[in-house]
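Below is one structure, written out as structure tokens; comments come after it.
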Amino acid sequence: MKNIVIVGGGASGLQLATRLGHYFNPPRRLWRRRKPPLAHVTLIDKERTHIWKPLLHQVAAGALDANMAALNYQVHARANGYEFQLGSLQSLDRKRRTVALSAILDDQGNLLVPARKLAYDYLVLCIGSLGNDFNIPGVYQHCVFLDNSEQAQKFHQQLLDHFLCLETHVEEKLRIAVVGGGATGVELSAELVDAGRQIGYYGRIRADAIEITVIEGGPHLLPALPARLGNNAERELGKLGVRVLTGCSIARANATGLTTRDGEEIPADIRVWAAGVKAPEFLTRLDGLATNHLNQIQVKTTLQTQSDAHIFAMGDCASCIDGHEQRVPPRAQAAQQMATLAADNLIALTEDKPLKHFYYRDRGSLVSLSKFTAVGNLMGALVKGSLTVEGRIAGFAYRALYRMHLAAIHGWPKAMLLYLAGQANRAVSPRLKLH
């Protein structure tokens, strides 16, 4: 029996583990004898729960309770035919085909689980990405990143602390600077506007006491989308009172604000960095796996690494030139498409069948401006090219993306039940999480 080890429980890793678990270890049927599985699937992640990364800006602003939206790996693994192990990847031994996991400690530094090694026949690395500070002085020390749920909740706590200071008149204004005018920066800014309005409703804070500035180095917001949509997003944010600076680069950050390359000082009590991503640096030290300047592991069109056919990489941590000789962008839809192909190829390897090649298909992009509106474009066979969408239609399509993610890891029946439960919870809960 083959051992397939997946490192990273993000959207692509979780989707891959679910698909392989169902294939190699399907649920027992009363009328069917279970055959011995051809492979054992193990998912490794350093967290106990999973939350869809595109939702982190809502967690940061308080529009979403992370505990309600999180999926427990242990429970999901038991129901979907794979094994989950808590741990962080420490090292890789390609000759012996083992991965070493670091020891697990409690909050006081006491040892819970010692360091251990797992053997694999096929290894899949889908560790995701981190915010890229581009080596700009002070950014790492003085800015908030939104790479995971812990960072999003840390930002939320800072936000609540400043709201308290505003309400008790310890502070007169709260200035928030968001660096990066991509989807994360735009969506977070809109959510923060809504959060300010909600806290004003519950407390005694004026709407003009919160100042939000979005800083983008390119000529328009949403650089991955056509300029028209970026300009529309800028116009909508302007209506909400958000200050937008385009064509503006940051030279350094400190505890009181940001400095642009033109020498302008931008005071900010909270500084959020959402200006690009890179893969974790430790990937460059994994037993000689070839990486690029963004620390991404270089892979073939089969998603096998260029250095080792027994190791796959996908998602944001993979550098892939697809079958059309186009570079695959670090986007959620690319990671999910890679997960589908990786599952097919791993199944093919266990059954001695030929491997498939990856072809990225751009389905378009959608950006939500909280409850106010949404913008984006849809691409594919149904729309015969590219279709620009805005307003309620774009908002509906944006919400459908999350339901599709739930369906990929739970199946459609449970995904719809979770959606209905979420809608019921929103109906009886405050719009803003205040704890």
Side-chain angles (χ1 to χ4, degrees), residues 57-64 142-144 146 152-216 220-222 230-248 250 253-260 262-275 367-375 390-391 395 430-435:
H57 69 280
Q58 294 186 28
V59 175
L64 181 69
H142 300 292
C143 292
V144 178
L146 297 180
Q153 293 184 71
K154 178 182 177 182
F155 173 89
H156 179 59
Q157 185 59 54
Q158 287 188 33
L159 190 65
L160 293 181
D161 291 344
H162 281 284
F163 283 164
L164 178 62
C165 292
L166 287 177
E167 193 167 10
T168 55
H169 303 292
V170 175
E171 295 179 355
E172 295 299 322
K173 282 189 176 293
L174 169 58
R175 296 161 298 186
I176 304 174
V178 180
V179 183
T184 298
V186 170
E187 291 178 335
L188 176 63
S189 301
E191 289 290 352
L192 289 173
V193 171
D194 188 39
R197 295 184 179 184
Q198 293 296 321
I199 196 66
Y201 173 78
Y202 293 119
R204 300 182 301 276
I205 298 176
R206 304 187 321 274
D208 61 354
I210 303 173
E211 297 179 352
I212 303 170
T213 302
V214 179
I215 304 158
E216 166 58 37
H220 60 84
L221 295 181
L222 306 176
N231 294 332
N232 288 352
E234 181 176 349
R235 184 184 68 249
E236 294 297 331
L237 288 178
K239 292 179 182 178
L240 299 176
V242 177
R243 180 190 180 199
V244 177
L245 302 177
T246 55
C248 181
I250 299 301
N254 56 45
T256 59
L258 305 165
T259 304
T260 70
D262 296 331
E264 179 185 355
E265 298 291 337
I266 303 176
D269 303 296
I270 302 178
R271 302 150 300 282
V272 184
W273 195 265
V367 177
S368 171
L369 277 71
S370 187
K371 66 177 183 179
F372 306 106
T373 187
V375 299
E390 298 182 54
R431 279 189 55 84
L432 184 67
K433 183 172 179 285
L434 296 174
H435 60 279

Partner set under side-chain hydrogen bond (donor to acceptor under 3.5 Å, both in side chains) for [X], not counting sequence neighbours:
{"X": "E171", "result": "H162"}
{"X": "T246", "result": "none"}
{"X": "E187", "result": "Y398"}
{"X": "N254", "result": "T256"}

[X]: what forms a salt bridge (Lys or Arg N to Asp or Glu O under 4.0 Å) with it, not counting sequence neighbours?
{"X": "E264", "value": "R243"}
{"X": "D262", "value": "none"}
{"X": "K173", "value": "E211"}
{"X": "E234", "value": "none"}

Are the side chains of [Y] and [X] in contact, using a 4.5 Å heavy-atom criterion?
{"X": "V193", "Y": "L369", "result": "no"}
{"X": "I266", "Y": "L245", "result": "yes"}
{"X": "L221", "Y": "L237", "result": "yes"}
{"X": "L166", "Y": "I210", "result": "yes"}

List in chain and number order the residues that pass side-chain contact (heavy atoms from CB on, under 4.5 Å) with [X], two or more places apart in sequence or in another chain; answer none if no residue qualifies.
{"X": "K239", "answer": "R235, E236"}
{"X": "A61", "answer": "E191, L192"}
{"X": "A274", "answer": "T184"}

Apply the side chain to side chain contact (heavy atoms under 4.5 Å, CB included) test between C143 and each candidate in L258, I250, V179, V272; give the one that qualifies.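 Exactly one pass, corresponding to L258.
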Grab the two heavy atoms, one from G181 and one from V214, that are nearest each other, plus how far apart they are.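 Heavy-atom minimum between the residues: CA-CG1, 4.2 Å.
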Output every pair passing salt bridge (charged side-chain N to carboxylate O under 4.0 Å, His left out) with a member in residues 175-185, not counting sequence neighbours, ordered by first then second residue.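 Listed once each, the pairs are R175-D269.
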Rounded distance [0.5 Å steps], CG in D161 versus NE2 in H156: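 D161 atom CG to H156 atom NE2 measures 10.0 Å (nearest 0.5 Å).
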